[in-house]
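Structure first, commentary second.
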2 protein chains.
Amino acid sequence: MSIPEPVARRTQPNADSAAEDYLKTIYHHTEWQSAPVTPSVLAATMGVAPSSVTEMAKKLSAAGLVNYEPYKPLTLTAEGTARARGVIRRHRLIETWLVDEMGYDWHEVHDEAEVLEHSISDRLLDAIDSRLGHPTRDPHGDPIPSADGSVESSPALLLSQAAIGTSGMVVRISDRDPSLLLSLAAAGIRPSTTLSVVSRDASTGFIVRVAGATESDADGGPLVPVSASGGSSIWISAPA
Amino acid sequence: MSIPEPVARRTQPNADSAAEDYLKTIYHHTEWQSAPVTPSVLAATMGVAPSSVTEMAKKLSAAGLVNYEPYKPLTLTAEGTARARGVIRRHRLIETWLVDEMGYDWHEVHDEAEVLEHSISDRLLDAIDSRLGHPTRDPHGDPIPSADGSVESSPALLLSQAAIGTSGMVVRISDRDPSLLLSLAAAGIRPSTTLSVVSRDASTGFIVRVAGATESDADGGPLVPVSASGGSSIWISAPA
DNA sequence: GCGAATTTTTAGGCGCACCTAAAAGTGCCA
DNA sequence: TGGCACTTTTAGGTGCGCCTAAAAATTCGC
Ligand SMILES: [Mn+2]
Ligand SMILES: [Mn+2]
Ligand SMILES: [Mn+2]
Ligand SMILES: [Mn+2]
């Protein structure tokens, strides 16, 4: 007859996933290019109003995660950086798991990871990490921060900033645009593919030569067009 | 120089996970025992104030998921039942996955599933379901609703309601109390274990005899004490 | 069948993460 | 150096899911 136990079920639904997304986005902006992260930039990236950024900036500042002074760009504190890397670690391990074990293709994983990164426990994250053998790169070539917070950074060059004739290995491709990922996969372009820049035109886009999987295909594989926006989504290894 | 794309990142954090938990809890109350689900009962189970239940009841009623009339018990509409089963399907498949593939023990999975049940996509749920071979029972013996919404129900008897001398197979053990699960596992009691009720005392608890894994151990295995609350957490198959 | 105890609903608030509109600050450049 | 465009902050407001306290309805014991 006992009432079914007042189970303290209120595991708060989603903790502070909004805050986590702000931290992650601030970190992201400094990860590859490093322009100052102003409220307007952050607002545009996150799809919120600038005033929302100001509000959150104050909260994160009060929590010691963000350095905020009115009218100045936002930066992460050491603690904020650590937290951001934690979220990114989750995101990328989840993406890797989805591709390696759950039959997802690389263009399908971003949105799922965007949600799960806030829900998964440390325990489960560790289990995934172990199963995958502690990977250091996600399916898009992004480095996976290690559990202790260190990140392997490889210097890279945006395709849009490479001179004609430059060649290098694809290091990383932004996972934000699924259709780009789909078309690049079709063209055989993935992290570790070797490319060379054949032509570039700010408006039209680029043409790259894709080296075959084997080195034998010496003087070049197929020519592939890459849109202008694709050019700002592909990083190649910086020439030595 | 382009601003980093106004990605419509607002995948709403957690959809309506609160609503899902209400539906699930209402369903739960009718799944094993069927007392009327009043606001006070629901409030106690969910750990919220009764007034919160009334409010949510109105919302769910407006959404066509719950039948609500002031001062009457809540019931689920057909649509509400379907939704509840969907959440429960997610919950139990996640639990099964955690135990079968991720190295969790059965007493550790409930809380993780409580969160993930609201975050996982249909796509991922299907992938998990396939990997596991479309299981029909979770680690605690609870039936997993199928994708089309049907549920296999096996008539069962609460240990606390079984007469002395009754024996039967454990069909299901509530997953709400991890410490109970831990001690039952230590005593070798799991779904499909055969038990017989040796003694019962409403206040002290119960003593059950656990049959060995093999039938050979005919006239009985070890005697195990079960607390009073444990008695309301273990279901055994109803005698034929 | 009536009053008291209990349950349920209503009323009014709170924090969160968002918004729009208005005010204030910054910085460029004529 | 002053004006003006642009950015940022402030002010005030919304919906959600929760709360407490008070009011209303129901139920139960006599
Ligand atoms: Mn996210
Ligand atoms: Mn990625
Ligand atoms: Mn839940
Ligand atoms: Mn279970």
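Note that the structure is a prediction, hence the values are computed from the model and not measured. Residue numbering restarts at 1 for every chain, and letters A, B, ... go by the order of the sequence lines.
Non-hydrogen atoms lying under 4.0 Å from DNA chain D are contributed by B:Glu55, B:Lys59, all within residues 53-61 of chain B. Applying a 4.0 Å cut-off to non-hydrogen atoms, none of the residues of residues 62-69 of chain B approaches DNA chain D.
Looking at B:Arg131, its side chain never comes within 3.5 Å of a backbone N or O of B:Asp126 through a donor-acceptor pair. Listed for the A:Ser52 side chain is no donor-acceptor partner under 3.5 Å among the backbone atoms of A:Val48. Judged by distance alone, with hydrogens and angles left aside, the side-chain atoms of B:Asp138 form a donor-acceptor pair with the main-chain N or O of B:His140 at under 3.5 Å. Counting only distance, with no hydrogens or angles, the side chain of A:Arg83 and the backbone of A:Lys24 share no donor-acceptor pair below 3.5 Å.
Between D:dT9, D:dC18, C:dT9, one nucleotide has an atom nearer to the side chain of A:Pro50 than all others, and that is D:dT9. For A:Ser52, the listed nucleotide lying nearest its side chain is C:dC18; candidates were D:dC19, C:dC18, C:dT7. For B:Ala49, the side-chain atoms get nearest to D:dT20 when compared with the rest of D:dC18, D:dT20, C:dC19.
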Practice problem: Under 3.5 Å for both distances, Watson-Crick or G-U wobble, that's the pair rule; now give the dot-bracket for DNA chain C, with | marking pairs to another strand and [ ] for crossing ones. | Solution: ||||||||||||||||||||||||||||||
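Dashed line: the shortest gap from a side-chain N or O of A:Tyr22 to OP1 or OP2 of C:dC16 is not under 4.0 Å. Close to D:dT7, at under 4.0 Å from its OP1 or OP2, lies no side-chain N or O of A:Thr38.
With a 6.0 Å cutoff to the six-membered ring centre and a 45° limit on the axis angle, B:Arg85 does not count as a cation-pi contact of B:Tyr27.
Across all their heavy atoms, A:Ala57 and A:Val66 have their closest contact at O-CG1, 4.4 Å.
At a threshold of 4.5 Å between non-hydrogen side-chain atoms, the residues B:Thr25 and B:Leu42 count as touching.
For the 3.5 Å distance criterion, the side chains of B:Arg137 and B:Ser154 qualify, holding a donor opposite an acceptor.
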I'd like a table of atom pairs between the protein and nucleotides 25-29 of chain C - only N or O on both sides, under 3.5 Å - with the distance next to each one.
residue : atom : partner : partner atom : Å
C:dG25  : O4'  : A:Tyr71 : OH           : 3.1

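In terms of the salt bridge (Lys or Arg N to Asp or Glu O under 4.0 Å) criterion, B:Glu55 has no residue partners (sequence neighbours excluded).
Annotation: ring pair (Phe, Tyr, Trp, His ring centres under 6.0 Å) contacts involving residues 45-100 of chain B, sequence neighbours excluded, comprise A:Trp97-B:Trp97, B:His91-B:His110.
Taking 3.5 Å as the limit, the base of D:dT20 and the side chain of B:Ser51 contain a donor-acceptor pair of atoms between them.
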